[in-house]
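Worksheet: the structure to be examined is printed underneath.
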Amino acid sequence: TGTLNMGALHTYQFNEDLFAKVTTLPGATNHGLVMFFDWSGSMQYNLTQTLKQLYNLVWFCDRVKIPYRVYAFSDAYGRTPDYRSVVEEQTLITQNSDNKSDLDISGFRLIEMFSDKMRKNEISDMMHYWYMMGCYYSGYRDYRDGGYPISPPTNLQLGGTPLNHAIVAAMSIIPSFKTKNGIQKVNAVFLTDGVSHKVSKKVSNESLDAWSKDIYITDKDTNTTLTVDKGSRYSDGQTTLLLKLLKKRVPDMNVLGFFVAGSGARGIVRREIIQDKMGLSWGDDETLKKYQKELRTNKVLVCKTAGYDEYYILPSVPKDDENDEDGIQVKENAKTGDLKRAFTKFAKSKTLNRQL
């Protein structure tokens, strides 16, 4: 590296090998992750389960020394300064038959939750604080067993779902993250449970409506123009389009989405969501039943047509299964085979509850 290895400097009298070295393996690729976490009101009952999933990724990155950042996206965080540098750096413009204007993502905030720059005790403390805030919103809690949650500060109250705004911000954040860390392969992960707010036009502040006319969005950095056809459902169409533009900024990037779609006490994914995300017609009951069975069996349904490389549709974890207090169940004087089968069943259930 041309830099002295300070750990070997004391051996200078009998050792000529005093420089730090980097080993490069042919064909090897170094990775990094940037994650965006939905801190919105619709996440209320899924926060603790989704945080658990997120923590598995953070622990993995720390263990294998992968650079990473985790941001919560929100429109309720009121402190200044906002993420103004991201807003001003964007070169996206939108156009219809009447006029054109820059996209407006003001009022949206990113809050850094975790990063590889934090010390272990800082990560541990922050995991505790975020989880306790999640517990505050998740409903009834047995304080004798689970402890008291903390009351979130005003700036961390839950708000709307500015997912599309976060995608626009990622167009500056991820290339910068990749360059600063010398990463070859970057992975973007979005964790959310709902449809994003629409991004409006900056000049007129009017919503972009694709019902009456085609909408064009141009990224001047990559000289790319994409369109949402009139008559399409623009709340989803805008997300898909912006994800495609994000991929153009970093062509070899993986973009993954995790949609916590379950609702109710049992965490069931409604048939309307499966039909919408998987592109099914309302009369295609046979394919619908196949997807429902896959979701029940694997606890995940993978979609590849929503703008992501892979988009994982997840049921929420029922509260009764959250703690697994009963653990491994075996009969008294169980044989080795019984123990093995019970352990395998228990391990599989734990894995299915940690889809990330």
Side-chain angles (χ1 to χ4, degrees), residues 3 5-8 20 22 30-40 43-44 46-74 76-83 109-138 141-158 166 169-170 173-174 176-183 186-192 256 258 260 317 322-325 327 350-351 353-356:
T3 302
N5 178 3
M6 304 309 291
V22 174
N30 59 334
H31 291 250
L33 272 78
V34 183
M35 293 162 268
F36 298 89
F37 189 93
D38 183 356
W39 195 251
S40 70
M43 286 281 287
Q44 176 177 354
N46 289 321
L47 279 175
T48 54
Q49 289 91 344
T50 313
L51 282 168
K52 285 182 180 180
Q53 304 269 18
L54 174 69
Y55 292 173
N56 278 281
L57 274 180
V58 171
W59 286 321
F60 171 77
C61 292
D62 278 330
R63 185 62 180 265
V64 298
K65 309 300 181 186
I66 291 176
Y68 67 93
R69 296 289 186 280
V70 182
Y71 298 98
F73 57 87
S74 169
Y77 188 83
R79 290 181 60 184
T80 56
D82 63 9
Y83 225 89
R109 305 288 188 271
L110 288 178
I111 306 107
E112 185 174 294
M113 300 173 70
F114 305 101
S115 83
D116 61 294
K117 306 300 181 185
M118 297 168 67
R119 296 188 296 271
K120 286 186 177 180
N121 64 316
E122 291 175 329
I123 291 175
S124 179
D125 287 345
M126 289 309 299
M127 283 184 170
H128 174 73
Y129 295 143
W130 283 105
Y131 191 78
M132 286 298 100
M133 284 189 284
C135 291
Y136 172 86
Y137 286 113
S138 63
R141 178 183 179 83
D142 188 340
Y143 297 144
R144 292 172 298 180
D145 294 334
Y148 283 87
I150 60 175
S151 234
T154 303
N155 288 313
L156 289 177
Q157 298 292 327
L158 301 180
I173 292 171
I174 293 177
S176 174
F177 172 80
K178 182 180 180 182
T179 301
K180 288 179 180 178
N181 289 279
I183 295 169
V186 65
N187 304 274
V189 179
F190 294 88
L191 303 100
T192 182
L256 308 176
F258 292 88
V260 185
V317 181
E322 193 176 46
N323 295 319
D324 291 320
E325 293 178 354
K350 296 291 286 185
T351 302
N353 286 339
R354 303 286 185 275
Q355 283 300 334
L356 295 193

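Hydrogens, waters and symmetry mates are skipped; everything else that's a heavy atom, side chains included, is used. The residues of the chain are indexed from 1 along the displayed sequence.
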To the nearest 0.5 Å, what is the distance between [atom1] on [X] and [atom2] on [Y]?
X    : Y    : atom1 : atom2 : result
L57  : M35  : CG    : CE    : 5.5 Å
K180 : K178 : NZ    : NZ    : 15.5 Å
M43  : L51  : CE    : CG    : 7.0 Å
F73  : W39  : CZ    : CH2   : 12.0 Å
L33  : F177 : CG    : CZ    : 7.5 Å
Q53  : F37  : CD    : CZ    : 10.0 Å

Residues in side-chain hydrogen bond (donor to acceptor under 3.5 Å, both in side chains) with Q44, at least two apart? none
Residues that D116 engages under side-chain hydrogen bond (donor to acceptor under 3.5 Å, both in side chains), provided they are two or more places apart: R69
Flag side-chain contact, heavy atom, 4.5 Å: [X] against [Y]:
X    : Y   : value
F258 : T50 : no
M113 : L54 : yes
V64  : F60 : yes

Y68 (side chain) donor-acceptor with V34 (main chain) under 3.5 angstrom: no
Ignoring hydrogens and geometry, is there a side-chain-to-backbone donor-acceptor pair from N181 to I183 under 3.5 Å? no
The criterion is side-chain contact (heavy atoms from CB on, under 4.5 Å); which residues satisfy it with S74, sequence neighbours excluded? A76, Y77, I111
Test side-chain contact (heavy atoms from CB on, under 4.5 Å) applied to Y136 - qualifying residues, sequence neighbours left out: P149, S151, P152
Shortest non-hydrogen contact between T48 and G134, atoms and distance: CG2-C, 3.6 Å
Atom of P67, atom of H31 and distance for their closest heavy-atom approach: CD-O, 3.4 Å
List the steps and the verdict of side-chain contact (heavy atoms from CB on, under 4.5 Å) for L191 and D38. CA-CA 6 Å; L191 303 100; D38 183 356; 5.9 Å; no
Can you list the residues that meet the ring pair (Phe, Tyr, Trp, His ring centres under 6.0 Å) rule with F36, with sequence neighbours excluded? Y71, F190
Identify each donor-acceptor pair in which a side-chain atom of residues 117-130 lies under 3.5 Å from a protein atom, sequence neighbours left out, and give them as a table.
{"from": "R119", "atom 1": "NH2", "to": "E122", "atom 2": "OE2", "distance (Å)": "3.2"}
{"from": "E122", "atom 1": "OE1", "to": "R119", "atom 2": "N", "distance (Å)": "2.8"}

